[in-house]
Amino acid sequence: MDKPYVILNAAMTLDGKIATHKGSSNISGKQDLKRVHELRKEVDAIMVGIGTVLADDPRLTVHKIDANPKDNPLRIVVDSKARTPIAARVTNKDANTLIAVANDYKYDFIVSNRYESFSKRGIDFFFSGSKKVDLKELMNHLKSIGVKKLMLEGGSTLNFSMVKEGLIDEIRICIAPMVVGGVNAKTFFDGEGFSTMDEAIKLDLKEVNHLGKDLILTYYVLK
Ligand SMILES: NC(=O)C1=CN([C@@H]2O[C@H](COP(=O)(O)OP(=O)(O)OC[C@H]3O[C@@H](n4cnc5c(N)ncnc54)[C@H](O)[C@@H]3O)[C@@H](O)[C@H]2O)C=CC1
Ligand SMILES: Nc1nc(O)c(N)c(N[C@@H]2O[C@H](COP(=O)(O)O)[C@@H](O)[C@H]2O)n1
């Protein structure tokens with residue numbers, strides 16, 4: 001299957017949380033955020049799930065280091081039910097945006113005013129899968145439109161689906177020296193999970209670095 005090279009990047013507390021149970025998620029230190037934006041500058045596209053858009057209203061542009069607006073990668077939102085708010089920052093003019101929607105929700109969406117408003121703003125759409133976006137088809141489509149390197153930036157649900165489907169090649173995780181707890185706090189990978197350790201996705205540790213107080217680990221995903 002033809003697909004982009006996918007790098008999953010995130011920041012978590014020592015206890016594996018990527019947000020608190022209330023949704024607070026400022027975890028990376030200053031130096032790590034610079035590293036993240038250097039990576040954003042290097043890739044062709046940044047992808048997040050709709051949960052992340054609704055929780056964080058991210059810009060998904062290169063804005064913490066010097067950069068030309070033309071360095072902004074394509075922004076992709078995996079949004080099966082087409083719930084992206086019209087006013088979400090990912091729909092602004094700072095970069096191009098593609099929203100991936102599942103076919104079961106396509107008709108209602110394309111006859112809505114929202115579709116018209118998005119289209120007027122130049123937002124592109126990709127329809128695939130029935131109830132959920134088919135991530136393999138999406139990866140294939142992205143490669144066909146020139147996305148060679150893709151940065152996945154969460155959240156927990158999309159991270160698990162992507163790794164389970166064998167679509168992630170590399171993982172870069174910032175571990176901040178904090179413990180936040182909370183059974184309902186999002187972890188690095190949530191989703192339905194595997195039943196046994198035999199099924200676990202196996203990784204190969206490639207690099208260990210310190211950035212200020214944070215620890216940055218880079219892994220290759222073994223296939
Ligand atoms: N600390 C960090 O580095 C980061 C933290 N976060 C946090 O993660 C949280 C959001 O995570 P989630 O709620 O899990 O949302 P998410 O961002 O993973 O989005 C999940 C949604 O993706 C959509 N989706 C469509 N097709 C899918 C498929 N085939 N498989 C999986 N999902 C599919 C579904 O609509 C699903 O509800 C927020 O609290 C945010 O702050 C998010 C990114 C980075
Ligand atoms: N690497 C990293 N460290 C953190 O501490 C974070 N909270 C995140 N979050 C991700 O970045 C998005 C925000 O992007 P903008 O600055 O608005 O462009 C957020 O939605 C998460 O995907 N990442």
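Computed from a predicted model, the values in this text were never measured in an experiment. The chain is numbered in sequence order, starting from 1. Ligands are counted one by one from 1 in listed order, and the atoms in each one are counted from 1 as well.
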Any [X] heavy atom less than 4.0 Å from ligand 1:
| X | result |
| --- | --- |
| Val48 | no |
| Ile27 | yes |
| Asp190 | no |

Taking atom [atom1] of [X] as the centre, does the number of heavy atoms from other residues, nucleotides or ligands within less than 6.0 Å exceed 12?
| X | atom1 | answer |
| --- | --- | --- |
| Asn113 | CG | no |
| Asp204 | CG | yes |
| Lys30 | NZ | no |
| Asn96 | CG | no |
| Met197 | CE | no |
| Lys22 | NZ | no |

List every atom of ligand 2 that sits less than 4.0 Å from any heavy atom of [X], numbering the atoms from 1 in the order shown and giving each element.
| X | result |
| --- | --- |
| Ala11 | 2 (C), 3 (N), 4 (C), 5 (O) |
| Asn9 | 1 (N) |
| Thr52 | 20 (O), 22 (O) |
| Ile27 | 5 (O) |

*Looking at the rings of Phe160 and Phe194, which for Trp means the six-membered one, are their centres under 6.0 Å apart?*
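Yes, they do, as the ring centres are separated by less than 6.0 Å.
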For [atom], grab the closest protein heavy atom and report residue, atom and distance to one decimal in Å.
| atom | result |
| --- | --- |
| atom 17 (O) of ligand 2 | Arg59 N, 2.8 Å |
| atom 3 (N) of ligand 2 | Ser28 OG, 2.6 Å |
| atom 16 (O) of ligand 2 | His63 NE2, 2.9 Å |
| atom 13 (C) of ligand 2 | Pro58 CB, 3.6 Å |
| atom 7 (N) of ligand 2 | Ser25 O, 2.5 Å |

*Report yes if some heavy atom in the side chain of Leu60 is under 4.5 Å from a heavy atom in the side chain of Met151; otherwise report no.*
no
_Name of the residue among Thr91, Thr97, Asn92 meeting side-chain hydrogen bond (donor to acceptor under 3.5 Å, both in side chains) with Arg121_ =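 For Arg121, the side-chain hydrogen bond (donor to acceptor under 3.5 Å, both in side chains) check succeeds only for Thr91.
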*For ligand 1, note which part of Thr52 has a heavy atom under 4.0 Å away: side chain, backbone, both or neither.*
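Within the 4.0 Å criterion, Thr52 contacts ligand 1 through backbone and side-chain atoms alike.
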*For ligand 1, does Leu135 get within less than 4.0 Å through its side chain, its backbone, both, or neither, judged by non-hydrogen atoms?*
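Just the side chain.
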*For ligand 2, is any non-hydrogen atom under 4.0 Å from Arg40's backbone (N, CA, C, O), its side chain (CB onward), both, or neither?*
side chain
Could you tell me which atoms of ligand 1, counted from 1 in the order shown, lie closer than 4.0 angstrom to a heavy atom of [X]?
| X | answer |
| --- | --- |
| Ala19 | 39 (O) |
| Leu158 | 18 (O) |
| Ala10 | 3 (O) |

*Does Lys64 come within less than 4.0 angstrom of ligand 2, counting non-hydrogen atoms of the residue?*
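No.
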*Would you call the rings of Tyr115 and Phe125 parallel, tilted or perpendicular, where under 30° means parallel and over 60° means perpendicular?*
tilted
_Under 4.0 Å from atom 19 (C) of ligand 2, can you find at least one protein heavy atom?_
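Yes.
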*What do you think, any protein heavy atom under 4.0 angstrom from atom 9 (N) of ligand 2?*
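Protein heavy atoms within 4.0 Å of atom 9 (N) of ligand 2 - there are none.
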Should [X] be counted as touching ligand 2, given the test is an N or O pair under 3.5 Å?
| X | value |
| --- | --- |
| Leu33 | no |
| Asp56 | yes |
| Leu60 | yes |
| Glu153 | yes |

Winner among [options] once heavy atoms are compared against [atom]:
| atom | options | answer |
| --- | --- | --- |
| atom 16 (P) of ligand 1 | Ala185, Gly155, Pro58 | Gly155 |
| atom 30 (N) of ligand 1 | Ser161, Gly154, Ala55, Ser25 | Ser161 |
| atom 41 (O) of ligand 1 | Val78, Val53, Asp56, Asp79 | Asp56 |
| atom 43 (C) of ligand 1 | Met162, Glu153, Lys136 | Glu153 |
| atom 21 (C) of ligand 1 | Val77, Asp32, Ile50, Thr20 | Ile50 |

*Does any N or O in the side chain of Asp32 come within less than 3.5 Å of the main-chain N or O of Gly29, such that one atom is a donor and the other an acceptor?*
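No: the side chain of Asp32 does not pair with the backbone of Gly29.
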*asked:* To the closest 0.5 Å, what do you measure between CG (Leu8) and CD1 (Ile173)?
replied: 7.0 Å
*Going from CG on Leu150 to CD1 on Ile7, what distance comes out if it is rounded to the nearest 0.5 angstrom?*
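It comes to 9.0 Å.
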